[in-house]
Protein chains: 2
Amino acid sequence: MSNQMTIYDISKKAGVSIATVSRVLNGSSNVKPKTRKKVMDIIDQYGYKPNAFARGLGLNSMKTIGILCADSSDLYLAKAVYFIERNLRENEYNSVLCCTGYDVENKKESLKLLLSQHVDSVVMVGSNFIINEDGGNDYIKEAAETIPVMLLNADYDAPNVYCTLCDDFKATQDATESLLKSGIDDILYLYNSKSYSGQKKLAGYQNAYMTMDKEINKDLQQCFSGSHEDIEGVTSFIQKLWDDGLRFKAIVTSEDFLGVGAIKFAQNNNISVPKDLQIVGYNDSILTLCCEPAMTSVNNRLEDMCIQLVKTLIGTLTGSEMPQKIIFSGELVKRDSTSI
Amino acid sequence: MSNQMTIYDISKKAGVSIATVSRVLNGSSNVKPKTRKKVMDIIDQYGYKPNAFARGLGLNSMKTIGILCADSSDLYLAKAVYFIERNLRENEYNSVLCCTGYDVENKKESLKLLLSQHVDSVVMVGSNFIINEDGGNDYIKEAAETIPVMLLNADYDAPNVYCTLCDDFKATQDATESLLKSGIDDILYLYNSKSYSGQKKLAGYQNAYMTMDKEINKDLQQCFSGSHEDIEGVTSFIQKLWDDGLRFKAIVTSEDFLGVGAIKFAQNNNISVPKDLQIVGYNDSILTLCCEPAMTSVNNRLEDMCIQLVKTLIGTLTGSEMPQKIIFSGELVKRDSTSI
DNA sequence: AATATTTATGAAAACGCTTACATTATTTTT
DNA sequence: AAAAATAATGTAAGCGTTTTCATAAATATT
C-alpha cells in the first residue's frame, strides 16, 4: 500500500538521504536536477504521499484553514463555504468545516477547537459572528493573537483581523432611495434576527429616509426571527402585520427568503406585484428565479468577496502586508418584482 | 499562551510524568482519581489543549473524517454536508470538506489527498461518485482497503463500503404510477445529467409504465445538462420541446430546480398547473415553497439518511459489525402542483 | 507480617516528518 | 593545479504526543 510508505522507504529506493527527499518534497532549491528527478520518479512510481501529521508536527502547520459557519445548509452561507473551500484548495490549503449554529457559546467553543487543531487561519463566514455587546468580540481578538482571522461580510477592527465585506448599508440605502424617489413612501423593511448585517441594512434603510428628508415610521421596521427555511412563516408574519392594519407599497428585505415570503403574501391577498407592492430581496440567490414574478434583489458579490478573502489570507500567511478591510459594492439586480 | 503549552509543562506543574497526563487526556482507567483530578485542574487552569499533530502522529488518527462532495453550493448537497458535519461533531469527529466538482479525475485526486491526510474514513456525498463504466469505481474499492468508505445516496457493493440511500427508484415509480392511475399517460420525465441517481429514477419511471402496462414514449425522457442554478435554462429547454410539438400532461423530475423550471414554463405558456399540467419535483427543498403553486416533491429523508450514515460510520470505526446497506423510503409530499 | 496480586506511575522508544549543522562534491578563482 | 567558494547531500536532533514495558505503590491473600 502506497499509504504506508515513509520517507525512509523512498530515500532508500532512490539511494539518497531522507533530507534530500524532504527537500524535493518541499521544493527546496538546493537539490541537483538529476537527483530531484530520480526522487520524483520513485515518489510518482509508488504514489507516495507524506504523512500529514508528521509534516504538521515538523512544520507546525498542516496547511489547513478552519471555516466557521453558523449553518452551511443556509443557501447563502453554503455558497460562501463552497467558494472559499474551492479557492483555498486551489492554493493547496485544506479546510476544516465547523458549523456552529447561532449560539454564541457554541461559536466560541468551536473556535477553540479549531485553534487546538493548529489551523493556519480561521475564516468566519457571515456577520453573525459579530456579537453586538460589550467585549462580545474578544474571542475574535484573542484568536487573532495566534493566527490571522478572516471575516466574510462582517466588520470588526482589531489587529490581525481581516474583513472582506459588501457595503450592505449603501446597497440597502440605494434600493430604498430608488423606491422613495419613485414616489413610494411606505416601505416596509423586513429583516432576519439571525444576522447582524440585518442591522446594517436597517441603518441603510433609515438613512435613505433621512437623505430624502422623509419621515420614518417605526412600525415599518419589522424583524422576522424564524428559520431561513420557513417561507410560510414569513408569509403569515406579513399577513399578521397587514391584518393589524399596517399598510405599505413596497417591502425591502435583508434576505431573499423574506422577499419570497412577501411575494407569497401578495399572491394570497391578490395584491399585484409590482403594481401595488414592490419587493426587493437580498443576496440574489436562486430563490429570486423561483418565485413569480422573478424578484429584484441585491447581488452582494459573494464570489468576488470569497476570492478576495482567500487572496488576502494567502497573502497574510506568506508574509505580505495586506489591507485589513476590503469593501465591495452591492449591485441591485432588477427583475419583475419592482418597477424602479 | 495556552496554546504553546505542552504535555511536559503540564506534567511538571502537576508533578507527574507525561505518561500520566496522557492517560488522563485519553481517559485511561488506570489512574488514581486523586491524580486525575490534580492533573485535570492544571489542564483546566492553563486551558491546555494537546497538539493535534503530535496526537495524530501517535494515534495515527486525528479523529477526522473526509467529506467529498461535488459541489457544496448545491442546495441538496449543502444540506447533506451540514447534517453530516453536525452529526460527526456531536461524536467528536472533525470533518475536512473537499469539493471535487463533477470531473472524475478531480474526484480521484481529491480522494487521494484525503487519504494522505490520514482521515479515519471518507464520506462521499451524492450518487455522482459512482462512475458508470467498467472498473470506474475501483478508486472507491481501493480507498476501502485502507479505511471505511461511506456513500450517501449511492449504491456500490464492495468490502468496507457502506451505503446509506433512499429508494429513488421506488419513489419515482410510485409518483409516476399515481399519475398514470389518475388517467394521465403522457408524462415527461426530466432529469439532470450530473447525478447518477437520475438514471435510477428514470428506471423507476419506466417501471411504472411497465407495471401499468402502458406504452413508453422515448421522447418523453429528457435530460437537461445545465447547472443546478439555471432555472431559466430549464424553462427554455422545456419550451423548446414544446415548440417542437412534444406534448405532455405531467412532468416528473429528478430534482426540484427542474420542477421549478417546469412551473415557470407553464406560467409563460398560460398552462394551468395542476389542471393541465402536473409537476413533481424531487428533494423537497425550499424551492418547492418558492414557486407558485407550491410544488409536490419527493422527500428523500436526507436528514434521516445522514444521521444513519454517521451512526454506521461511528459503529464501524469502533469495531462494531455494521450493515453495509441501509435503504430509506422516499415520501411524496403533495402540494398544489399536482392533483393526485 | 510476609507474600502474591493488582493498580498506578514513570522511563523511554516510537510515530514520520523538517531542518540546522556538518560534510562532501563541484565549481570558480588564483 | 591548488585554494577558495559554492552547491549538494547526509547526519542527527527536534516536534509533542502515545504506548510498551519496567517499576513502584497499594491492596488482597495466606
Side-chain angles (χ1 to χ4, degrees), chain A residues 1-40 42-43 46-64 92 94 115-120 146, chain B residues 1-40 42-43 46-64 94 113 115-120 146:
Chain A
M1 263 314 301
S2 65
N3 275 332
Q4 334 284 50
M5 280 221 138
T6 75
I7 200 169
Y8 283 94
D9 301 322
I10 299 296
S11 75
K12 211 166 292 169
K13 287 192 198 295
V16 299
S17 77
I18 58 164
T20 300
V21 177
S22 174
R23 276 189 273 263
V24 170
L25 244 29
N26 293 288
S28 162
S29 58
N30 278 349
V31 41
K32 194 151 61 173
K34 224 165 92 184
T35 316
R36 159 165 291 130
K37 180 167 182 341
K38 190 168 57 178
V39 174
M40 270 311 226
I42 301 282
I43 289 179
Y46 290 90
Y48 163 76
K49 293 252 180 193
N51 179 312
F53 302 147
R55 203 171 204 191
L57 233 201
L59 291 169
N60 205 36
S61 147
M62 200 135 110
K63 293 264 245 175
T64 296
E92 303 191 298
N94 284 101
L115 288 177
S116 83
Q117 301 231 66
H118 291 235
V119 291
D120 298 333
T146 319
Chain B
M1 263 314 302
S2 65
N3 276 332
Q4 335 283 50
M5 280 221 139
T6 75
I7 200 169
Y8 282 95
D9 302 321
I10 299 296
S11 75
K12 211 167 291 170
K13 287 190 198 296
V16 299
S17 77
I18 58 164
T20 301
V21 178
S22 175
R23 276 189 272 263
V24 170
L25 244 29
N26 293 287
S28 161
S29 58
N30 281 348
V31 41
K32 194 150 61 172
K34 224 165 91 184
T35 317
R36 160 165 290 130
K37 180 167 181 344
K38 190 169 57 179
V39 173
M40 269 312 227
I42 301 282
I43 289 179
Y46 290 92
Y48 162 75
K49 293 251 181 195
N51 180 313
F53 302 148
R55 203 170 204 191
L57 231 202
L59 292 169
N60 205 34
S61 148
M62 201 135 111
K63 292 263 246 177
T64 296
N94 284 100
L113 206 132
L115 288 178
S116 83
Q117 301 230 71
H118 291 235
V119 291
D120 298 333
T146 318

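Since the model is a prediction, treat every value here as computed from it, not as a measurement.
To the nearest 0.5 Å, atoms OG1 (A/Thr20) and CD1 (A/Ile7) are separated by 9.5 Å. Here B/Lys12 contributes atom NZ and B/Met5 contributes atom CE; the two are 10.0 Å apart, rounded to the nearest 0.5 Å.
When the C1' atom of D/dT6 is taken as reference, atom NZ of A/Lys32 falls 14 Å away, rounded to whole Å. Atom CZ of A/Arg36 is separated from atom P of D/dA8 by 9 Å (rounded to the nearest Å). Between the CG atom of B/Asp9 and the P atom of D/dG16 there is a distance of 9 Å, given to the nearest Å. Across the protein-nucleic acid pair, A/Asn26 atom CG and C/dG16 atom C1' stand 13 Å apart, rounded to whole Å. For the pair A/Ile7 CD1 and D/dA12 C1', the computed distance is 14 Å after rounding to whole Å. D/dT17 atom C1' lies 7 Å from atom CG of A/Leu57, rounded to whole Å. Straight-line distance from the CG atom of A/Asn30 to the P atom of C/dT23: 18 Å, rounded to whole Å. Spacing between atom CZ of B/Phe53 and atom C1' of C/dT18 amounts to 13 Å, rounded to whole angstrom units.
Put simply, the side chain of B/Lys38 does not reach to within 4.5 Å of the side chain of B/Val24, judged on heavy atoms. In this structure, A/Asn51 and A/Thr6 have side chains that are not in contact, with every pair of non-hydrogen atoms separated by 4.5 Å or more.
Taking side-chain N and O atoms only, A/Asn51 has no distance below 4.0 Å to OP1 or OP2 of C/dC15. Using a 4.0 Å cut-off, some side-chain N or O of A/Tyr48 falls inside it from OP1 or OP2 of C/dC17. Remark: A/Thr35 is not in phosphate contact with D/dA8, judged by side-chain N or O atoms under 4.0 Å from OP1 or OP2. For the OP1/OP2 pair of D/dG16 and a distance below 4.0 Å, the side-chain nitrogens and oxygens of B/Arg55 include no atom meeting the criterion.
Put simply, the residue from B/Ile42, B/Ile18, B/Leu25 that forms a side-chain contact (heavy atoms from CB on, under 4.5 Å) with B/Ile10 is B/Ile42.
Annotation for A/Asn30 and A/Arg23: closest pair O-CD, 4.2 Å, computed over non-hydrogen atoms. The shortest heavy-atom contact between B/Tyr48 and B/Pro50 is OH-CA, 3.3 Å. What you find for B/Ser11 and B/Ser17 is that their closest heavy atoms are CB-C, 3.7 Å.
Rotation axes derived from the C1' atoms of the five outermost pairs at either end of the helix from C/dA1-D/dT30 to C/dT30-D/dA1 lie 30° apart, to the nearest 10°.
Between B/Val31 and B/Ala54, the residue whose closest nucleotide on DNA chain C is further toward the 5' end is B/Val31.
Taken residue by residue, residues 15-24 of chain B places heavy atoms nearer than 4.0 Å to DNA chain D at B/Ile18, B/Ala19, B/Ser22.
Within the nucleic acid shown, B/Tyr8 comes within 4.0 Å of at least one base atom, counting heavy atoms only.
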Quiz item: Run the side-chain contact (heavy atoms from CB on, under 4.5 Å) check on B/Val21 and B/Lys13 step by step: do they pass?
Solution: CA-CA 11 Å; B/Val21 178; B/Lys13 287 190 198 296; over 6 Å; no

